[in-house]
Amino acid sequence: MKIAISFICVAIYGLTFFSESQNDELIKSINRGKQIYTENCITCHLGNGQGVKGTFPPLANADFLIKYPEKSIHAIKFGLQGTIQVNGETYKGAMPPSGLEDDEIADVMNYIRNAFGNKNNKLVSTKAVADIKEKQ
C-alpha cells in the first residue's frame, strides 16, 4: 500500500513539474510570437486577428487553426495560394512565404493559437515546424 501511494505521489509530482515546465515554455513562446505577429502579420490579419472579410482570413476564433495546424504552419512557412475555408467563409488569394525561421514560426503559431479568442495549450515546437516540408 505504501508503495502504491508513493508511486501515485511521484506520478502527480512528475505531471505537475512537466506541465508547469511546458506551460512556462508556452508562455515565453507566446510572448515572442506576439512581437513577431506585430512585425509580420498585423498588416493583413489586423491587430484584433479579424482579417479582412473576403480578402484576408481571420485568425480570431479560427476553426482552420484548430482543424489544420500543419496546414497553418505550412502556410506561414511556404506561403499559401488557392482556396481555403475559415469559419465557413471561403477565401481565395495568396499569402507569401513569411521568411521566418522555424523557431519564429513556432512562436507565432503559439501566439495566434492563444490570442483572439483562441485557446490551445499544446505547444507548437520548433521541431514540429521543421518537420513540415514544402511538398505535402
Side-chain angles (χ1 to χ4, degrees):
M1 183 67 169
K2 286 184 180 180
I3 293 173
I5 292 173
S6 296
F7 178 75
I8 291 170
C9 289
V10 169
I12 291 171
Y13 173 77
L15 289 173
T16 302
F17 176 76
F18 290 114
S19 294
E20 287 179 13
S21 176
Q22 180 170 335
N23 191 38
D24 288 345
E25 190 176 341
L26 179 60
I27 291 168
K28 290 176 185 175
S29 179
I30 289 169
N31 289 333
R32 290 187 304 264
K34 183 176 184 178
Q35 182 66 37
I36 295 165
Y37 180 87
T38 300
E39 293 169 359
N40 297 277
C41 312
I42 203 168
T43 303
C44 298
H45 296 287
L46 307 181
N48 60 7
Q50 293 295 323
V52 177
K53 191 172 177 88
T55 306
F56 302 117
L59 301 173
N61 297 306
D63 59 353
F64 191 87
L65 289 171
I66 296 165
K67 290 180 187 176
Y68 310 109
E70 292 83 11
K71 287 182 181 180
S72 299
I73 293 168
H74 190 274
I76 296 169
K77 192 170 182 175
F78 301 108
L80 178 68
Q81 201 159 15
T83 303
I84 62 167
Q85 194 146 31
V86 181
N87 297 343
E89 186 84 23
T90 300
Y91 292 86
K92 183 175 180 170
M95 178 175 136
S98 66
L100 299 172
E101 299 294 327
D102 289 349
D103 61 324
E104 295 171 312
I105 294 170
D107 289 341
V108 81
M109 278 293 295
N110 287 318
Y111 173 66
I112 62 177
R113 287 167 33 121
N114 287 283
F116 318 122
N118 301 317
K119 187 67 180 155
N120 193 315
N121 291 326
K122 187 172 183 227
L123 178 74
V124 174
S125 68
T126 301
K127 182 185 179 322
V129 175
D131 288 346
I132 302 293
K133 304 302 179 201
E134 190 163 7
K135 301 290 181 196
Q136 286 194 358

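We're numbering straight along the sequence, starting at 1.
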Under a 3.5 Å distance rule, please check whether [X] uses its side chain to pair with a backbone N or O of [Y] as donor and acceptor.
X    : Y    : answer
D63  : N87  : yes
H74  : I132 : no
S72  : Y68  : yes
N110 : V124 : yes
N118 : N61  : yes

Using every non-hydrogen atom in the two residues, find where [X] and [Y] come nearest and quote the distance to one decimal.
X    : Y    : answer
S29  : A106 : OG-O, 4.0 Å
N48  : F116 : O-CD2, 3.2 Å
V108 : C41  : CG2-SG, 4.1 Å

From [atom1] ([X]) to [atom2] ([Y]), nearest 0.5 Å:
X    : Y    : atom1 : atom2 : value
L26  : N31  : CG    : CG    : 9.5 Å
F64  : K71  : CZ    : NZ    : 6.0 Å
I30  : D107 : CD1   : CG    : 9.5 Å
Y111 : I36  : OH    : CD1   : 11.5 Å
E89  : I84  : CD    : CD1   : 11.0 Å
E25  : L123 : CD    : CG    : 5.0 Å

*Assess whether atom CD of E101 is packed by more than 12 heavy atoms of other residues, nucleotides or ligands within 6.0 Å.*
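No, CD of E101 has 12 or fewer neighbouring heavy atoms, counting only those of other groups under 6.0 Å.
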
*asked:* Filter on salt bridge (Lys or Arg N to Asp or Glu O under 4.0 Å), then keep only pairs touching residues 108-131, sequence neighbours left out; what's left?
replied: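 The answer is K127-D131.
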
*Mind running salt bridge (charged side-chain N to carboxylate O under 4.0 Å, His left out) on D102 and K77 for me, showing each step along the way?*
CA-CA 8 Å; D102 289 349; K77 192 170 182 175; 3.4 Å; yes

Do the side chains of [Y] and [X] get nearer than 4.5 Å, heavy atoms only?
X   : Y    : answer
P57 : H45  : yes
I73 : M109 : yes
I76 : M95  : yes

*asked:* Clusters formed by hydrophobic residues whose side-chain heavy atoms approach within less than 4.5 Å: which one holds L46, and what are its other members?
replied: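 Cluster partners of L46: V52, F56.
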
_Set of residues satisfying ring-ring contact (aromatic ring centres under 6.0 Å, His included) with respect to Y91, sequence neighbours excluded_ =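 Scan of Y91 (ring-ring contact (aromatic ring centres under 6.0 Å, His included), adjacent residues dropped) gives none.
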
_Whether the T126 and D103 side chains hold a donor-acceptor pair (N or O, under 3.5 Å, no angle test) is what I'd like checked._
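Side-chain D/A pair, T126 to D103: absent.
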
*Any donor-acceptor N or O pair under 3.5 Å, side chains Q35, E39*: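 Indeed, the side chains of Q35 and E39 share at least one donor-acceptor pair under 3.5 Å.
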
